[in-house]
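Just below is one structure, and these are the notes that go with it.
Numbering of ligands and ligand atoms starts at 1, following listing order. Note that the coordinates shown come from a computational prediction; the quantities given were computed from them, not determined experimentally.
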Amino acid sequence: MAKYIGITGGIGSGKSAVGDYLLSLGYPVIDTDVISREVVQPGSDTLALLTNTFGQDILLADGSLNRPEMARRVFTDVQKRKQLNAIMHPSIHRLVKERMAEVAHRPLVFLMVPLLYETGFQRFCNEVWLVQTSRQKQVERLTARDQIDEAFALKKIEAQMSDADRLAYGPKPIDNNGTLAALYRQVDELLAAEKPYDKS
Ligand SMILES: CC(C)(COP(=O)(O)OP(=O)(O)OC[C@H]1O[C@@H](n2cnc3c(N)ncnc32)[C@H](O)[C@@H]1O)[C@@H](O)C(=O)NCCC(=O)NCCS
Ligand SMILES: Nc1ncnc2c1ncn2[C@@H]1O[C@H](COP(=O)(O)OP(=O)(O)OP(=O)(O)O)[C@@H](O)[C@H]1O
C-alpha cells in the first residue's frame with residue numbers, strides 16, 4: 001500500500017522543481033498540471049465543454065486550447081475561473097485517481113497539486129509538503145518564467161489560497177527562497193524521514 005505525499009504551494013513557488021528532483025531520484029510523481037493538459041486534448045469531452053461555455057475563440061488554429069488566452073480570461077475574472085474549475089476539476093480528479101491506482105504498489109508516491117487544499121485533495125494524501133517562497137521571489141520567478149508583467153503575476157498569485165491558510169492545515173514546510181541546491185537538500189532531509197519507505 002503506497003504512502004501518498006502531496007506537494008503543494010503557490011504558483012511559481014517551486015513545486016515543479018521539487019517534482020523534477022523526485023523524478024530524477026526515481027520516485028513516481030503524479031502532476032495535476034500535466035494531467036490538466038491531457039484532459040483538454042483536441043476531441044476530448046472536456047475541451048468540448050470548455051468551448052460550449054467560453055466559445056470557439058479559446059481554440060488555436062490547430063484545434064488545441066489557447067492556454068495564454070484562457071489564462072488571461074480566468075485569472076482576471078473569478079466567475080470565469082469558477083466555471084473553468086467546475087468543468088475541469090472532475091476530469092482531472094478522475095485521471096489522478098486512475099494514476100494513483102497504477103502506482104499503488106510503490107511505497108512512496110508524490111502528488112503535485114497546486115490547488116490541493118482548495119479542492120480538498122488533502123484527504124487523499126497521507127501527508128503534505130508545502131513549498132514556500134516570499135511574494136517578491138514568487139513575482140520575480142513568475143514574470144521571468146511566464147513572460148508576464150508584475151500586475152498579471154499578482155492576479156495569478158491572488159487566485160490561490162495564501163500560505164498562511166495552507167499552513168493552518170499542518171503541512172511540512174519547504175523553504176524555496178534560496179538556491180536549487182538548498183531546495184534539494186531539504187527534500188533529501190524529508191526523504192530521510194521516510195526511511196521505512198524506498199522507491200522500488
Ligand atoms: C488556465 C490554464 C488553461 C492556463 O494554462 P497555463 O499553461 O498558462 O498554466 P498551467 O496549466 O501550467 O498552470 C500553471 C499554474 O497556474 C495555477 N493555476 C492553474 N489553474 C488554476 C486555477 N484554476 N486557479 C488558480 N490557480 C491555477 C497553478 O499554480 C498552476 O501550477 C490552465 O492553468 C488550466 O487549465 N487551469 C484549470 C485546471 C486547474 O485547476 N489546474 C490546476 C491543477 S488542479
Ligand atoms: N531555488 C530556485 N532558484 C532559482 N530559480 C528557481 C528556484 N526554484 C524555482 N525556480 C524557478 O522559478 C520558476 C518557478 O518554479 P516552478 O516552475 O518549479 O514553480 P511551480 O510551483 O511548479 O509553478 P506552477 O504553480 O506555475 O506550476 C521556474 O522557472 C523555476 O526554474
### Query
Tell me, which protein residue and heavy-atom name are nearest atom 9 (C) of ligand 2, and how many Å apart are they?
Asn176 ND2, 3.8 Å
### Task
Considering only non-hydrogen protein atoms, determine which one is nearest to atom 27 (O) of ligand 2 and report residue, atom name and distance to 0.1 Å.
Asp33 OD2, 3.1 Å
### Task
With heavy atoms under 4.0 Å as the rule, classify the contact between Leu180 and ligand 2 as side chain, backbone, both or neither.
both
### Query
Does Gly10 come within less than 4.0 angstrom of ligand 2, counting non-hydrogen atoms of the residue?
yes
### Task
May I ask you to check if ligand 2 and Gly178 share an N or O to N or O distance below 3.5 Å?
yes
### Query
How about Thr46 and Ser91: does a side-chain donor come under 3.5 Å of a side-chain acceptor?
yes
#### Entry: Protein contact of atom 18 (O) of ligand 2 - nearest heavy atom, named by residue and atom, plus distance
Ala17 N, 3.0 Å
### Summary
When distances are taken from atom 19 (O) of ligand 2, the protein heavy atom at minimum range is Gly14 N, 3.1 Å
### Query
Nearest to atom 25 (O) of ligand 2, what protein heavy atom do you find, and at what distance?
Lys15 NZ, 2.7 Å
### Task
Return the residue, atom name and 0.1 Å-rounded distance of the protein heavy atom closest to atom 11 (C) of ligand 2.
Arg141 CD, 4.1 Å
### Task
Indicate whether atom 30 (C) of ligand 2 is within a distance of less than 4.0 angstrom of some protein heavy atom.
no
### Query
Under 3.5 Å, N or O to N or O, is Ile11 touching ligand 2 that way?
no
### Task
May I ask you to identify the nearest protein heavy atom to atom 28 (C) of ligand 2, giving residue, atom name and distance to one decimal place in Å?
Arg145 CD, 3.8 Å
### Message
Out of His93, His89, Arg67, Lys156, who is nearest to atom 11 (O) of ligand 1 when you count heavy atoms only?
### Response
Arg67
### Query
Closest non-hydrogen protein atom to atom 14 (C) of ligand 2, residue and atom name please, with distance?
Gly12 O, 3.7 Å
